[in-house]
Protein chains: 2
Amino acid sequence: MTQDGRRRRGLRSREAILGQAVGLASVEGLDGLSLGRLATATGISKSGFFAHWSGKEELQLDAVDWASRQWREHIVAPALRAPAGVRRLFALHEARLRFYAERVLPGGCFFLAVQAEFDDRPGAVRERVAQALHDWDAFIRRLVREAVELGELAPGTDPAQLAYEIEALGEAAVIRSRLLDGQHALTHSRRAVLQRLRGLCPDPSLLPED
Amino acid sequence: MTQDGRRRRGLRSREAILGQAVGLASVEGLDGLSLGRLATATGISKSGFFAHWSGKEELQLDAVDWASRQWREHIVAPALRAPAGVRRLFALHEARLRFYAERVLPGGCFFLAVQAEFDDRPGAVRERVAQALHDWDAFIRRLVREAVELGELAPGTDPAQLAYEIEALGEAAVIRSRLLDGQHALTHSRRAVLQRLRGLCPDPSLLPED
DNA sequence: ACACTATATGAACGACCGGTCGTTTATCTG
DNA sequence: CAGATAAACGACCGGTCGTTCATATAGTGT
């Protein structure tokens, strides 16, 4: 029998803890988050969670993976349901803005908080975050390349350059929307990407006007 | 006599501490920075610095002001030496990229680190940072408006929109250059702003080709 | 000479940090 | 049933955090 209600209960705890950890980390950072507060927030004892991880860094690594999965479900998957090409590229950006607007994570964006925290701190966590960011960037570049191949973006378009711009305009949305002008930042972000894509698209009717 | 060598010595200590604090905060954040490490880095004792500030928050507020001054000296001032209009706008962006490339601050950008840290943490520090960011944004908008009035940017240009884009493309440069691809991020950032400005400028010869 | 003040110190504080320990409870196996 | 094992617990460790305090030193005003 592999029924083992022990393991099932453990997995449920694990998932609950990781969900809480990613949410808290989007606010206070992945290292700023303390085990004590995480234990309080999840309702378990501080010690009883060394049953799942050997230390804080192990938990941090799993939290990065959990956040990657959440990102794929909330941003990548909806985009893949849009038709390939420039519409899919814009759907990706809109999914991201929706993720921010709906406040799925209390701190806005897990990866932004963690990037700012670990970009100067060598170690396994930094590498895991860099890998996730690299995969994300490669995904955007792939969508750009597909759009070019479909003739929906100007032939000379540089995927790396356009991917940088889309990512920059998306990241800035969450920073500015939380610290300054709320809704305006999301509007500016949406319009910036939309107009950039329309400018490169031979058939602008594929995209909304505004 | 107001000669007072005590005060002069105190001011020198104060400046030295703030400089160190801003540098360290660009790496570890303004709250992640501990008084003990700051004391070690500056060579003074941990306690002997309650002579200058009543607590950590006071120091943090002064550090924000110090970083604002540094930003004005390194980025705003050079831009003001360029001719008004679109060239000044691009000079501003280039000064920023130079600031990052020259690694003036060990962590890249003080304000980015602090924004990510305090955007969810209410308090005096958050307000001070938000004010600094607002002033910076207003400055970019002013340069855009001047360029429009000089006929160097298309008449319909929305200053808030363009300012958002320039700021987003600048911020992303420091994030990505530190975590992923180093020089490439700066190149992409420069090219993105340059092409955007050239596209809006009736006389593109005012700007470099690439 | 004197009091005064600004600057700095080392020792000590309570709180919290990540982590270890032995133990208990619940579940599965034989 | 007994034995093994996963999950969770409370108590506690050494260390670091921000902060306080009594004290020492040096520069200033009278």
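Sequence lines set the chain letters: A, B, ... in the order given, protein chains first and strands last, and positions in each chain run from 1. A quick note: this is a predicted structure, and the numbers were derived from the prediction, not measured.
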What closest approach, in Å, do A:R126 and A:D119 show between heavy atoms, and which atom pair accounts for it? NH1-O, 2.7 Å
Here the distance between atom P of C:dG18 and atom CD of A:Q60, to the nearest Å, is 9 Å
side-chain N/O B:S13 vs C:dT7 OP1/OP2, d < 4.0 Å: no
Heavy atoms from C-beta onward define the side chain here; which of C:dG10, C:dT7, C:dT20 lies closest to that of B:R9? C:dT7
Among C:dG19, C:dA8, D:dC9, the one nearest A:S47 by side-chain distance: D:dC9
Are any protein N/O atoms closer than 3.5 Å to N/O atoms in nucleotides 13-17 of chain C? If there are, list each pair with its distance.
{"from": "C:dC17", "atom 1": "OP1", "to": "A:S34", "atom 2": "OG", "distance (Å)": "2.8"}

With a 4.5 Å heavy-atom cut-off, do A:F111 and A:W136 have their side chains touching? no
Indicate whether any N or O donor in one side chain lies under 3.5 Å from an N or O acceptor in the other, for A:Q131 and A:E127. no
Protein-nucleotide distance (B:H52, atom NE2; C:dT7, atom P), rounded to Å: 6 Å
Tell me, please, whether B:F90 has B:R87 positioned over its six-membered ring: NZ or CZ under 6.0 Å from the ring centre and within 45 degrees of its axis? no
Here the distance between atom P of C:dT7 and atom CZ of B:F49, to the nearest Å, is 14 Å
Interatomic distance where CD1 belongs to B:I44 and P belongs to C:dT7 [whole Å]: 12 Å
Side chains of A:W66 and A:E15: donor-acceptor distance under 3.5 Å anywhere? yes
Residues B:H93 and B:S189: side-chain donor-acceptor under 3.5 angstrom: yes
Provide, to the nearest angstrom, the distance between the CD atom belonging to A:E58 and the P atom belonging to C:dG19. 10 Å
Walking DNA chain C from its 5' end, the first of B:G48 and A:G32 to be reached, judged by nearest nucleotide, is B:G48
Using whole Å, report how far CG of A:L11 lies from C1' of C:dT27. 15 Å
How many whole angstroms separate atom CG of B:D31 from atom C1' of D:dT16? 15 Å
Atom pair distance, as rounded to whole Å: CD in B:E28 and C1' in D:dC17: 14 Å
